[in-house]
Enquirer: 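Here it is, the structure, as structure tokens.
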Amino acid sequence: NHAFQASQFEVAVAKFRAAVNLRPDNPEFRRALGAALASQRRFVDALPHLERACRTAPPLALACYQWGRTLFFLNRPAEALAAYELAAGS
């Protein structure tokens, strides 16, 4: 998304949220929405999207990494480690 690359995170969040609303089971849309939210330091809002994208079959390694990073920023190191391990196993 060009808005995300240009650091226009509010625009990116709106576009990714619209994409998730159209296709809620698409893990890449959820990962992108979670990443855009995390880039705004909206870590709590990002968590469910990143977790859901990570827990797809097969898991998205990047989503698992971003989920772990978000958990780390929320001072949840044990959960972050588990997410990182999922990323490494993807």
Side-chain angles (χ1 to χ4, degrees):
N1 183 296
H2 297 290
F4 187 82
Q5 293 170 347
S7 298
Q8 298 172 344
F9 299 118
E10 283 297 327
V11 173
V13 165
K15 289 183 179 192
F16 291 136
R17 193 175 302 280
V20 166
N21 287 337
L22 288 173
R23 294 189 48 206
D25 292 330
N26 184 305
E28 183 53 37
F29 291 167
R30 288 208 175 264
R31 186 212 60 79
L33 175 57
L37 290 165
S39 294
Q40 293 179 305
R41 304 187 64 77
R42 293 170 57 187
F43 301 123
V44 172
D45 295 333
L47 276 181
H49 300 290
L50 295 171
E51 179 179 9
R52 187 163 170 185
C54 176
R55 294 192 182 277
T56 60
L60 293 176
L62 181 57
C64 296
Y65 167 77
Q66 290 172 326
W67 180 36
R69 188 168 179 246
T70 301
L71 287 163
F72 177 80
F73 283 130
L74 290 170
N75 199 28
R76 294 165 61 179
E79 293 169 273
L81 180 59
Y84 288 140
E85 288 172 348
L86 285 171
S90 299

Enquirer: Answer yes or no: does atom CZ of Phe72 have more than 12 heavy-atom neighbours from other residues, nucleotides or ligands under 6.0 Å?
Expert: no

Enquirer: Rounded to the nearest 0.5 Å, what separates atom CG in Leu71 from atom CD in Glu51?
Expert: 8.0 Å

Enquirer: Would you please indicate if the ring centroids of Phe16 and Phe29 are separated by under 6.0 Å?
Expert: no

Enquirer: Nearest 0.5 angstrom please: Arg31 CZ to Cys54 SG, how far?
Expert: 12.0 Å

Enquirer: Quick check on side-chain contact (heavy atoms from CB on, under 4.5 Å): which of Arg55, Arg52, Glu79 does Trp67 satisfy it with?
Expert: Arg55

Enquirer: Sequence neighbours excluded and cut-off under 3.5 Å, please list the side-chain donor-acceptor pairs for residues 40-50, or say none.
Expert:
{"unit_1": "Gln40", "atom_1": "OE1", "unit_2": "Arg42", "atom_2": "NH1", "d": "3.0"}
{"unit_1": "Gln40", "atom_1": "NE2", "unit_2": "Glu10", "atom_2": "OE2", "d": "2.6"}
{"unit_1": "Arg42", "atom_1": "NE", "unit_2": "Asp45", "atom_2": "OD2", "d": "3.3"}
{"unit_1": "His49", "atom_1": "ND1", "unit_2": "Arg30", "atom_2": "NH1", "d": "2.8"}

Enquirer: Quick check: closest heavy atoms across Ala87 and Ala61, and the distance to 0.1 Å?
Expert: CB-O, 3.5 Å

Enquirer: So which atom in Asp25 and which in Pro27 form the shortest heavy-atom distance, rounded to 0.1 Å?
Expert: O-CD, 3.1 Å

Enquirer: Would Val20 and Asn26 satisfy side chain to side chain contact (heavy atoms under 4.5 Å, CB included), going step by step from the backbone distance to the final call?
Expert: CA-CA 7 Å; Val20 166; Asn26 184 305; over 6 Å; no

Enquirer: I'd like to know if Leu62 and Leu81 are part of one continuous hydrophobic network [Ile/Leu/Val/Met/Phe/Trp/Tyr, side-chain heavy atoms within less than 4.5 Å].
Expert: no

Enquirer: Would you call Leu60 and Gln66 a side-chain contact if the rule is heavy atoms closer than 4.5 Å?
Expert: no

